[in-house]
Protein chains: 2
Amino acid sequence: MKSDTVYKRTYNQMLDLIQDHAVGAPLPSETVLASEMGASRTTIRKVLNELCGAALLRFEDRSRIVLSHDCRDLYHPTVETVSASDRLEKLFMEWMLRGDAKPGTAINEAEMARRFDISTTGIREFLNRFSRFGLVERRPGSGWVFKGFSENFASELFEIREMFELRSAIAFCRQPRDAPCWNKLRQIEQEHHALLADIETRFHDFSDLDDRFHRLVIHGAPNRFIEDFYDIITFVFHYHYQWNKKSEKQRNRTAIVEHLRYIEALLSGDEAAVDAACRAHLKSARLTLFQSMINETPAGGMQGNGASVATPN
Amino acid sequence: MKSDTVYKRTYNQMLDLIQDHAVGAPLPSETVLASEMGASRTTIRKVLNELCGAALLRFEDRSRIVLSHDCRDLYHPTVETVSASDRLEKLFMEWMLRGDAKPGTAINEAEMARRFDISTTGIREFLNRFSRFGLVERRPGSGWVFKGFSENFASELFEIREMFELRSAIAFCRQPRDAPCWNKLRQIEQEHHALLADIETRFHDFSDLDDRFHRLVIHGAPNRFIEDFYDIITFVFHYHYQWNKKSEKQRNRTAIVEHLRYIEALLSGDEAAVDAACRAHLKSARLTLFQSMINETPAGGMQGNGASVATPN
DNA sequence: CAAATGTCTATTATCCATAAAAAACAAGTA
DNA sequence: TACTTGTTTTTTATGGATAATAGACATTTG
């Protein structure tokens with residue numbers, strides 16, 4: 001049976017929204033709510049009905065009126081808000097980054113299903129989707145092999161990344177000067193300056209900006225395989241640095257500065273400069289990742305990390 | 001319920017084997033049969049028991065004796081021999097190559113399940129696995145978009161292929177002269193000569209050789225993402241040329257000659273020559289693919305031709 | 001009639017069941 | 001001891017069921 005995570009998430013969002021409205025004020029229409037909350041009208045209506053029942057809203061004159069703000073303890077727990085597949089992804093990555101699985105380990109669906117308490121069908125779907133990340137591989141006969149989040153992995157990843165990004169950066173430069181990308185680039189440059197100015201407090205915002213910047217560059221000469229590959233990068237960084245928060249601020253500051261040089265080079269159109277700036281940035285990103293893999297592997301209960309994380313196979 | 005395609009395939013193989021043995025001769029042991037036929041002992045035993053029942057074999061003194069060769073009409077139909085997922089893959093590719101689906105078409109699982117008469121679970125698994133080929137893409141909300149086997153696709157594919165192969169070819173050259181790859185390369189070179197000499201009759205054997213050659217080159221400096229990507233190449237060529245048999249012999253002859261130059265360059269260790277030979281080959285491969293897409297693609301109205309004619313086995 | 005809500009239908013996420021196939025274990029024989 | 005076959009347990013492929021969600025169509029109302 002499908003889980004009702006969408007409902008619960010929407011419900012929580014609705015509670016937020018209610019508290020943003022004065023008592024007595026009407027909520028937007030169902031259609032508007034649906035598009036704002038990223039759910040279907042069906043779900044919105046279910047939530048609204050529920051909240052009418054809870055006497056937080058009144059349905060009057062074709063609109064929902066806020067009756068009260070008293071809903072602190074109505075929130076659904078956040079866990080119940082994420083879909084089974086997202087939950088599995090997270091559990092799996094934690095399991096992996098924690099170093100529980102040594103590279104080369106065979107994993108089978110049934111066992112995983114037990115370990116993560118998710119149906120075998122769910123596991124299988126996950127593994128199929130996940131295999132593109134190069135961390136697990138389907139064995140010809142049956143079962144899966146776990147490849148390990150190792151230095152090898154990171155190094156293969158970066159090799160491709162460098163090829164792709166260098167190619168894309170040069171292609172980006174060659175776009176006509178009136179293409180919309182240039183404005184977008186300038187805008188992103190501004191955002192970098194803004195973030196740098198505020199780095200003390202906003203350093204967490206970097207990863208989003210980072211992503212947008214690189215994707216803009218890459219998109220200059222679109223290639224589905226390159227864009228797909230960038231999903232892997234995003235994914236890996238997302239999880240890795242969620243487990244490795246050490247010196248995050250410093251790391252991000254450095255990256256911003258590098259980005260700014262890189263952007264400047266792009267804007268200048270000087271291909272040699274672009275190449276140099278791009279290489280410099282990637283080299284530094286690679287180094288940072290490697291160092292954080294070796295030295296800073298997650299603190300929280302990391303038994304045996306050295307063996308599995310740092311060991312190439 | 002799992003289908004018994006493995007059983008039926010093994011059964012057919014066993015019939016072949018029986019006919020290879022004189023009446024009165026004993027078959028190999030279960031274990032040997034299992035490993036030779038690529039099935040588990042469980043399946044082998046099931047087949048053997050069945051054939052004992054059919055009086056084709058007698059179990060005597062710990063071994064199976066061939067009783068008769070009279071089994072022409074015992075064979076299971078070939079269709080029942082391929083697993084649901086393989087069948088789906090084939091159906092889907094036919095549907096796609098036939099041009100029934102225009103790029104940009106949204107496809108949904110339920111509809112596909114109906115069209116191909118396979119459970120939604122099966123469809124979903126297929127699409128998940130298949131999405132790495134870049135021909136369908138999951139839509140954030142729901143459903144899938146069909147990207148089309150278009151020139152765009154081919155051109156994006158080749159862009160990456162060129163990057164990867166050039167890099168790998170150079171890396172291959174730089175391997176120590178006593179690495180085992182050099183012998184393998186010489187062996188493959190021999191196979192090319194042999195095939196060229198026999199091209200009139202054996203031209204079908206080229207695609208296998210082609211695959212092994214490129215994979216050898218690529219494996220010189222292993223990178224899981226590059227090797228994964230080569231799966232896509234293999235897949236695309238497999239299906240595309242199954243639908244486009246025109247001038248296959250000539251096409252393969254040309255490729256062999258190009259390969260031989262390429263191999264010679266590799267053996268010489270002259271990186272500039274390698275680069276040139278590799279580029280020349282890829283350029284020609286790309287051209288051939290494009291021409292066959294433009295001129296010979298079984299266009300819209302060709303249903304009937306493709307489905308059965310172009311499909312061997 | 002345009003936008004809102006109400007109602008019905010289609011699609012998806014998710015788990016479960018089951019026979020086939022694989023793997024593990026046990027025992028016999030040469 | 002090294003194979004063989006016999007038996008039991010585990011895992012996988014594949015279809016099916018169902019509630020949640022999305023989407024389409026119908027109806028109301030200002």
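Per chain, numbering begins at 1; letters A, B, ... match sequence-line order. All heavy atoms count here, side chains included; hydrogens, waters and symmetry mates do not.
- With a 6.0 Å cutoff to the six-membered ring centre and a 45° limit on the axis angle, Lys46(A) counts as a cation-pi contact of Tyr7(A).
- Heavy atoms from other residues, nucleotides or ligands lying under 6.0 Å from CG of Asp86(B) number more than 12.
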Next item on the list: Summarise protein proximity over nucleotides 21-30 of chain C in one line of letters, 5' to 3': B for base, S for sugar-phosphate only, - for none, counting protein heavy atoms closer than 4.0 Å.
Entry: SBB----B--

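- With hydrogens and angles disregarded, a donor-acceptor distance shorter than 3.5 Å links the side chain of Arg224(B) to the backbone of Gly134(A).
- Heavy atoms from other residues, nucleotides or ligands lying under 6.0 Å from CG of Asp70(A) number 12 at most.
- Between Thr120(B) and Asp86(B), the residue anchored closer to the 5' end of DNA chain D is Asp86(B), taking for each the nucleotide with the nearest heavy atom.
- The number of heavy atoms from other shown groups lying within 6.0 Å of NE2 (His219(B)) does not exceed 12.
- For Arg45(A), taking side-chain heavy atoms from C-beta onward, the closest of the listed nucleotides dT4(D), dT18(C), dT5(C) is dT5(C).
- Across the interface with DNA chain D, nearest-nucleotide mapping of Trp144(A) and Val32(B) shows Val32(B) to be the residue nearer the 5′ end.
- For the pair Leu33(B) CG and dT4(D) P, the interatomic distance rounds to 10 Å; values are reported in whole Å.
- The side chain of Asn108(B) places no N or O atom within less than 4.0 Å of a non-bridging phosphate oxygen (OP1 or OP2) of dA10(C).
- There is a side-chain donor-acceptor pair under 3.5 Å between Asp16(B) and Tyr75(B).
- Look at Ser29(A) and you'll find a side-chain N or O under 4.0 angstrom from OP1 or OP2 of dA4(C).
- The side chain of Phe59(A) sits closest to dG6(C) out of dG15(D), dG6(C), dT18(D).
- Under the salt bridge (Lys or Arg N to Asp or Glu O under 4.0 Å) criterion, Glu36(B) pairs with no residue at all, not counting sequence neighbours.
- Separation of the Phe92(B) and Tyr239(B) ring centroids does not fall under the 6.0 Å cut-off.
- DNA chain D lies under 4.0 Å from no heavy atom of any residue of residues 10-18 of chain A.
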